[in-house]
Amino acid sequence: MTLREASVGQTVKVQRLTGTGPVKRRIMDMGITKGIDIYVRKVAPLGDPVEVTVRGYELSLRKADAAMIEVG
């Protein structure tokens, strides 16, 4: 399952990042790495952006970026 498919109000653990190059680096710069818990706060009606809480910070992710984060 990817972060894009996670339900609002759900806390998930990052299993793997599938992005490459600058996209993966941008995701990691936000503090999203393997083993981190992510709380899904809100998803916009059309699915973009996905608002999450990571390490106490509130972030907005594009749905394309959220699709590159495998969670469990």
Side-chain angles (χ1 to χ4, degrees):
M1 175 170 80
T2 65
L3 184 59
R4 183 176 174 188
E5 300 162 347
S7 302
V8 173
Q10 185 177 12
T11 300
V12 293
K13 186 176 286 283
V14 175
Q15 301 295 323
R16 189 171 88 125
L17 299 176
T18 60
T20 59
V23 175
K24 184 174 183 178
R25 184 76 208 155
R26 183 175 64 237
I27 292 170
M28 291 177 73
D29 285 345
M30 290 185 219
I32 300 172
T33 56
K34 184 178 178 181
I36 292 297
D37 290 328
I38 297 178
Y39 174 72
V40 181
R41 292 186 301 117
K42 182 174 140 186
V43 177
L46 297 177
D48 200 7
V50 177
E51 295 185 14
V52 298
T53 301
V54 179
R55 298 181 186 205
Y57 293 98
E58 296 178 354
L59 304 171
S60 292
L61 292 169
R62 292 182 279 189
K63 63 181 174 182
D65 292 348
M68 295 180 191
I69 302 170
E70 291 183 11
V71 296

Asker: Check the hydrophobic clustering (I, L, V, M, F, W, Y; side-chain heavy atoms under 4.5 Å; chains of links allowed) and say if Tyr39 and Met1 are grouped together.
Answerer: no
Asker: Could you check whether any side-chain N or O of Lys13 sits under 3.5 Å from a backbone N or O of Gly72, counting only pairs where one atom can act as donor and the other as acceptor?
Answerer: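 Side chain of Lys13 to backbone of Gly72: no pair is present.
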Asker: Calculate, to the nearest 0.5 Å, the distance between atoms NZ and CG belonging to Lys63 and Leu3 respectively.
Answerer: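 The CG atom of Leu3 is 14.0 Å from NZ of Lys63, to the nearest 0.5 Å.
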Asker: Show, in sequence, the C-alpha distance, side-chain angles and deciding distance for Ile32 and Leu61, and conclude whether the side chain to side chain contact (heavy atoms under 4.5 Å, CB included) test is met.
Answerer: CA-CA 11 Å; Ile32 300 172; Leu61 292 169; 4.1 Å; yes
Asker: Run the side chain to side chain contact (heavy atoms under 4.5 Å, CB included) check on Thr33 and Val14 step by step: do they pass?
Answerer: CA-CA 7 Å; Thr33 56; Val14 175; over 6 Å; no
Asker: Could you tell me if the side chain of Lys34 sits less than 4.5 Å from the side chain of Leu17, heavy atoms only?
Answerer: no
Asker: Measuring from Arg62:CZ to Met68:CE, what's the distance to the nearest 0.5 Å?
Answerer: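 Going from CZ on Arg62 over to CE on Met68, the span is 8.5 Å.
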Asker: State, to 0.1 Å, how close Gln15 and Val71 come at their nearest heavy-atom pair, and which atoms those are.
Answerer: CG-C, 3.7 Å
Asker: Is any side-chain heavy atom of Ile27 closer than 4.5 Å to a side-chain heavy atom of Lys24?
Answerer: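 They are not in side-chain contact.
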Asker: Can you name the nearest heavy-atom pair linking Val43 to Val40, along with the distance?
Answerer: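 Reported closest heavy-atom pair: CG2-CG1, 4.1 Å.
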Asker: Mind listing the closest non-hydrogen atom pair of Thr53 and Arg41 along with its distance?
Answerer: OG1-CD, 2.9 Å
Asker: At their closest point, which heavy atom of Thr18 faces which heavy atom of Ala67, and how far apart are they?
Answerer: OG1-O, 4.4 Å
Asker: Locate the shortest heavy-atom distance separating Gly31 from Ile36; write the atom from each residue and the value.
Answerer: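 So the two residues come closest at O-CG1, 4.0 Å.
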